[in-house]
Amino acid sequence: MQVWKFGGTSVGKPERMHSIRELLLTDPSRKIVVLSALSGSTNALIAIGEAAKANEDASAAKQIGDLKAHYDAFIKELYSTEAGLAKGQEIIDNEFGFIRSLVGIKPFASKQEKEIVAEGELLSTQLFQGYLEEVGDSSVLLPALEFMRIDADNEPELEKIEEKLTSILAQHPDKQTIVTQGFICRNPREEVDNLKRGGSDYTASLIGGAIRAEEIQIWTDIDGMHNNDPRIVKRTFPIRELTFEEAAELAYFGAKILHPSTITPAKLRGVPVRLKNTMQPEAPGTLIANQSSDREIKAIAAKDNITAIYIHSTRMLNAYGFLRRVFEIFEKYKTPVDMITTSEVSVSVTIDNSEHLESITAELREFADLEENDSDQNIICIVGNFSADKEGIALKVLDAMKNIPIRMISYGASEHNLSLLIHSKYKAEALNVLNERLFYYEDAMKGIFTAP
Ligand code: ASP
Ligand code: MG
């Protein structure tokens with residue numbers, strides 16, 4: 001069994017839903033199809049929730065009306081029979097009736113807000129299932145709210161998901177396509193919740209991991225993960241193969257194509273993840289698996305809005321326990337640290353969430369001296385398998401960066417990542433010089449490189 005996930009733009013137009021069905025027919029394996037909401041819907045639903053929370057009921061009602069009109073028009077092109085259209089209209093009327101009733105509840109709480117946001121996926125999947133029924137395909141809709149679970153820390157519960165999903169699937173042994181919602185789940189209070197923005201990828205990976213699928217395919221509108229940011233760098237190309245570790249680094253450090261947690265369940269259960277392009281289904285895309293036979297240096301990514309904190313203390317000299325005190329403060333403020341470098345009397349760290357920066361630095365100052373923080377920094381992250389890179393990744397990187405001031409370097413935590421901290425004004429230059437040096441220079445020297 002395979003798991004195929006289609007994002008908002010892939011379901012955002014009636015003809016795109018028709019193409020998904022065509023795609024499903026090209027492959028004989030049984031599939032669980034995970035869908036996002038139609039593009040724009042989640043944003044619109046969040047805005048409706050915000051209006052309701054602010055007691056702007058007229059505005060909420062107007063926005064609900066506008067969104068419903070979009071769906072009313074959508075089904076006219078999605079379905080071609082009277083019966084199909086009537087069914088589609090019934091789905092829309094039901095769900096929008098429910099949204100209206102939620103907006104009316106006062107005080108409007110986060111519970112209602114999450115229920116409203118979940119409507120995007122509830123609508124897209126029912127409409128798509130209605131279409132498969134209309135054309136007579138073998139399919140069934142499984143409500144994600146019956147098996148997708150998160151715990152009190154908002155972490156998905158893979159074992160529970162596996163247990164529930166396996167028993168639900170056993171009831172539909174003869175269905176070729178099993179449609180379900182991405183993004184939405186239930187929390188321990190049995191309320192409707194979600195896996196955070198972009199969470200449908202995560203759903204696909206959780207389902208794929210839970211049922212130990214043959215493969216998870218994430219269908220988007222780009223041809224896989226690129227070796228660099230195509231918006232900033234001219235010569236980029238899709239990466240054919242990545243390991244789970246490399247993909248996780250890239251997803252976290254900026255490559256927007258995947259939700260950063262996506263890789264975890266797939267890696268845990270050893271299920272390969274393939275990134276595919278709905279506009280170009282024949283293109284190979286990117287395969288993420290335990291091993292990759294591709295080139296050693298895979299990609300460069302940048303993470304924006306980074307703040308660096310420089311901590312000095314002579315008390316650090318030959319002392320133990322100093323780092324613990326530092327990190328306890330970040331833990332207290334639930335602020336993840338991205339990069340760390342240390343010397344005998346200093347430690348520098350970066351964070352991308354500066355919400356608690358003032359409190360954190362105030363507490364650090366109680367036992368250390370702080371240099372002025374650097375905000376507006378950028379982490380440039382080079383990802384690959386450096387154990388195999390005999391000539392030395394650091395040499396190449398520093399050579400490329402010779403004209404750009406580097407604030408921090410982190411290398412050696414894994415053989416998959418080298419990170420540099422620079423001021424964001426150098427970001428575009430850094431991505432470009434690294435691209436030329438790491439992907440074009442040596443290949444050009446060897447005369448073997450044929451960039452697509
Ligand atoms: N619809 C949700 C969002 O827009 C989840 C997803 O698309 O992955 O964030
Ligand atoms: Mg997405």
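Ligands are counted one by one from 1 in listed order, and the atoms in each one are counted from 1 as well.
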Flag [X] as yes when one of its N or O atoms lies below 3.5 Å from any N or O atom of ligand 1, and as no otherwise.
{"X": "Asp201", "result": "no"}
{"X": "Lys5", "result": "no"}
{"X": "Ser200", "result": "yes"}

Would you check whether Gly199 reaches within less than 4.0 Å of ligand 1, judged by its heavy atoms?
yes

Does Arg235 make a cation-pi contact with Phe439, if we ask for NZ or CZ under 6.0 Å from the ring centre and within 45° of the axis?
no

Under 4.0 Å from any heavy atom of Ser36, which atoms of ligand 1 are there?
6 (C), 7 (O), 8 (O)

In ligand 1, the atoms that come under 4.0 Å of a heavy atom of Phe183 are 2 (C), 5 (C)

Judged by heavy atoms only, the candidate from Arg197, Lys196, Gln181 nearest atom 9 (O) of ligand 1 is Arg197

Do the side chains of Glu363 and Lys332 get close enough for a salt bridge, i.e. N-O under 4.0 angstrom?
yes

Evaluate Phe330 against His356 for ring-ring contact (aromatic ring centres under 6.0 Å, His included), listing each step before the verdict.
CA-CA 9 Å; Phe330 289 93; His356 302 293; over 10 Å; no

Tell me, please, which residues at least two apart from Lys164 pass salt bridge (Lys or Arg N to Asp or Glu O under 4.0 Å).
none

Expected list for residues 263-280: side-chain donor-acceptor pairs under 3.5 angstrom, two or more places apart:
| unit_1 | atom_1 | unit_2 | atom_2 | d |
| --- | --- | --- | --- | --- |
| Thr264 | OG1 | Ser261 | O | 3.1 |
| Arg269 | NH1 | Glu162 | OE1 | 3.1 |
| Arg269 | NH1 | Gly209 | O | 3.1 |
| Arg269 | NH2 | Glu159 | OE2 | 3.3 |
| Arg269 | NH2 | Glu162 | OE1 | 3.1 |
| Arg274 | NE | Glu215 | OE2 | 2.8 |
| Arg274 | NH2 | Glu215 | OE1 | 3.4 |
| Lys276 | NZ | Pro281 | O | 2.9 |
| Lys276 | NZ | Ala283 | O | 3.1 |
| Asn277 | OD1 | Met279 | N | 2.9 |
| Thr278 | OG1 | Arg16 | NH2 | 3.2 |
| Thr278 | OG1 | Thr220 | O | 2.9 |

Which pair of non-hydrogen atoms, one from Asn227 and one from Phe237, has the smallest distance, and what is that distance?
OD1-N, 2.8 Å

With backbone taken as N, CA, C and O and side chain as the heavy atoms from C-beta onward, which portion of Glu121 lies under 4.0 Å from ligand 1: side chain, backbone, both, or neither?
side chain

